[in-house]
There are 2 protein chains.
Amino acid sequence: MRVSDKHQKITQAAIKVFARKGFFNARISDIAKEAKVADGTIYLYFNNKYDILISLFEEEIGKIILKTKLLLEKETHPVEMLMLFAKQHLNLLKEHRELVVVLQMELRQSNEFIQEYRNTKFVEYIDIVSEIIHKGQDEGVFRAEIMPGIIKRAYFGALDEMTRLWILSPQPHYTLDEAAVQICDVFLNGIVIK
Amino acid sequence: MRVSDKHQKITQAAIKVFARKGFFNARISDIAKEAKVADGTIYLYFNNKYDILISLFEEEIGKIILKTKLLLEKETHPVEMLMLFAKQHLNLLKEHRELVVVLQMELRQSNEFIQEYRNTKFVEYIDIVSEIIHKGQDEGVFRAEIMPGIIKRAYFGALDEMTRLWILSPQPHYTLDEAAVQICDVFLNGIVIK
DNA sequence: TGCTTATTAGTGAATAGCGATTCAGTTTAG
DNA sequence: CTAAACTGAATCGCTATTCACTAATAAGCA
């Protein structure tokens, strides 16, 4: 078995366990069990419990950023691009529910450690939005007076709050697609030049 | 010293300590020290550590809901009401920074206990927004096709994400007022009938 | 190819420290 | 004098981390 296999197995197990029990309530032995390795093995691949969380965050969000950027390359119109971003973001829930739970819950903890990491990678992700807005302004599609630095966060925040709704409530009243359409509708209506 | 005084003192101390260290890293003895009571005294007023978090949440968010509703009574136009809500929400940061940190960070944990409480009171808070949207639709000010249940969350999410920015970054690039104006501008533009 | 030794990977029981909670005793108030 | 409020040191369970040991794999050699 290659080294990377164990690392992967532990990371994936950690996502499952953290999603289920939360970071602080998850025991190393839970993760070890889920990954089918000994407790001690985890410390061959990670420095400590935090390190597992941090490195899973870095790796997984890196993948998401890559995937999102790749997807957006196929599109050139700013309006379509923002819609695509929204759909992609909300779709993460379908394909990586457990990861999304971890990102939603656990990475909001007031641990400087985590906050630092969250900030760096996270900014890279939401900057995808501000770049689209900039592009739209340059092309005269979006109103010049809106501030990409603020609106990127508002847009992300709106989508993120919908994500939270889906995670917390067992039976949401709306479908993901409905939500995506509504949010894009309002935002785009609010920022395009008529 | 009246009973309620101790309860209050402990609650306020807990807000400070939770904001500083996070729920799991906060020790009961930290809270006791901050409140200037003995460790054991805390258990005369609360069942356990979670109970402190839950009851501070209930009490404090209750106050916020009350205050917000009171404020909104003075206004009748839906557009103005939504703007007022945004300003009030972002202003919480100035007056109750530590409480906002606790709400942002700690109440997002994957603890069923907490989630349940969060959901109940929290829904009451964001429903203020959906009621305003409804009112606006009834009066023919807002577009009929937008769904209050979705847009209330989008609006709240946008504001909440700005709050997070202020909490996490020491020197934000924008002022609270700028942000409030921008977000309201885009949203209102997106939902009013022209 | 088979045998021996060295290196690396993996194991899981034991450690060690933490901190929530308790409770026997003390102080305060009526 | 009694009851209620308060105290804080001791308890006790919990679990992250360690480390002495074992297994697996690679390297060296005839």
Side-chain angles (χ1 to χ4, degrees), chain A residues 1-59 102 105-107 109-115 117, chain B residues 1-58 102 105-107 109-114 117:
Chain A
M1 183 174 281
R2 285 200 344 282
V3 165
S4 59
D5 286 339
K6 281 275 159 71
H7 187 95
Q8 259 304 298
K9 271 178 75 175
I10 295 168
T11 303
Q12 294 308 314
I15 292 173
K16 277 202 172 66
V17 176
F18 288 158
R20 195 157 54 231
K21 312 182 80 169
F23 177 77
F24 284 101
N25 291 320
R27 280 167 292 153
I28 289 291
S29 59
D30 292 334
I31 298 172
K33 203 187 216 177
E34 179 77 39
K36 288 177 187 140
V37 298
D39 294 17
T41 306
I42 290 178
Y43 290 88
L44 298 176
Y45 295 91
F46 301 91
N47 297 325
N48 51 47
K49 200 180 166 189
Y50 273 126
D51 192 36
I52 305 175
L53 186 59
I54 288 168
S55 69
L56 88 77
F57 175 61
E58 282 218 307
E59 286 163 30
V102 175
M105 305 278 156
E106 302 311 324
L107 287 166
Q109 263 145 45
S110 55
N111 182 294
E112 312 85 45
F113 229 156
I114 290 170
Q115 279 181 31
Y117 273 89
Chain B
M1 182 175 283
R2 282 200 346 282
V3 166
S4 60
D5 286 339
K6 281 273 161 71
H7 186 95
Q8 258 305 299
K9 270 178 74 175
I10 295 168
T11 303
Q12 294 308 314
I15 292 174
K16 277 203 171 64
V17 176
F18 288 157
R20 195 156 55 231
K21 313 182 80 171
F23 177 77
F24 284 101
N25 292 318
R27 279 167 293 154
I28 289 291
S29 60
D30 292 333
I31 299 172
K33 201 187 217 176
E34 179 76 40
K36 288 175 187 143
V37 299
D39 295 15
T41 306
I42 290 179
Y43 290 87
L44 298 175
Y45 295 91
F46 300 90
N47 297 324
N48 52 46
K49 200 178 166 190
Y50 273 126
D51 192 37
I52 304 175
L53 186 58
I54 288 168
S55 71
L56 88 76
F57 176 60
E58 283 218 308
V102 175
M105 305 278 156
E106 302 311 324
L107 286 166
Q109 263 146 44
S110 55
N111 182 294
E112 312 86 46
F113 228 157
I114 290 169
Y117 274 89

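Residue numbers begin at 1 in each chain, while the letters A, B, ... track the order of the sequences.
- Put simply, CG on B:Asp5 is 14 Å from C1' on D:dA5, counting in whole angstrom units.
- Look at A:Lys6 and you won't find any side-chain N or O under 4.0 angstrom from OP1 or OP2 of C:dA9.
- The listed nucleotides are C:dT21, D:dG8, D:dT17; the one nearest the side chain of B:Lys49 is C:dT21.
- Between the CG atom of B:Leu53 and the C1' atom of C:dA20 there is a distance of 15 Å, given to the nearest Å.
- Between A:Phe24 and A:Tyr50, the two ring planes are perpendicular [angle over 60°; tilted spans 30° to 60°].
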Worksheet item: Between A:Asp51 and A:Tyr45, is a side-chain contact (heavy atoms from CB on, under 4.5 Å) present by the stated rule, with each step listed?
Response: CA-CA 9 Å; A:Asp51 192 36; A:Tyr45 295 91; over 6 Å; no
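- Using a distance-only test at 3.5 Å, with no hydrogens or angles considered, no donor-acceptor pair links the side chain of B:Lys6 to the main chain of B:Ala35.
- Taking only side-chain nitrogens and oxygens, A:Tyr45 comes nearer than 4.0 Å to OP1 or OP2 of C:dG10.
- In the set C:dA20, C:dT11, D:dT17, D:dT17 carries the atom at the smallest distance from any side-chain atom of A:Ile28.
- Straight-line distance from the CZ atom of A:Phe18 to the P atom of D:dA16: 9 Å, rounded to whole Å.
- Of the candidate nucleotides C:dT11, C:dT21, D:dG8, C:dT21 has the atom lying nearest to any side-chain atom of B:Asn48.
- Of the possible polar contacts, none joining the B:Lys36 side chain to the B:Lys9 backbone as a donor-acceptor pair under 3.5 Å is found.
- The nearest whole Å value for the distance from the CD1 atom in B:Ile42 to the P atom in C:dT21 is 10 Å.
- Look at CZ on A:Phe24: it is 12 Å from P on C:dA20, rounded to the nearest Å.
- When distances are taken from the side chain of B:Tyr43 to each of C:dT22, D:dA16, D:dC6, the shortest belongs to C:dT22.
- In this structure a side-chain-to-backbone donor-acceptor pair under 3.5 Å is present from B:Lys49 to B:Ala26.
- Here the C1' atom of nucleotide D:dC14 and the NZ atom of A:Lys21 are 12 Å apart, to the nearest Å.
- Computed from coordinates, the A:Asp30 CG to D:dC14 P distance equals 13 Å when rounded to whole Å.
- Put simply, B:Thr41 has a side-chain N or O that comes within less than 4.0 Å of OP1 or OP2 on D:dT7.
- Atom-to-atom, CD1 of B:Ile52 to P of C:dT21 comes out at 8 Å; the value is rounded to the nearest Å.
- Distance from the side chain of A:Leu44 is smallest for C:dG10 among the nucleotides C:dG10, C:dA20, C:dG12.
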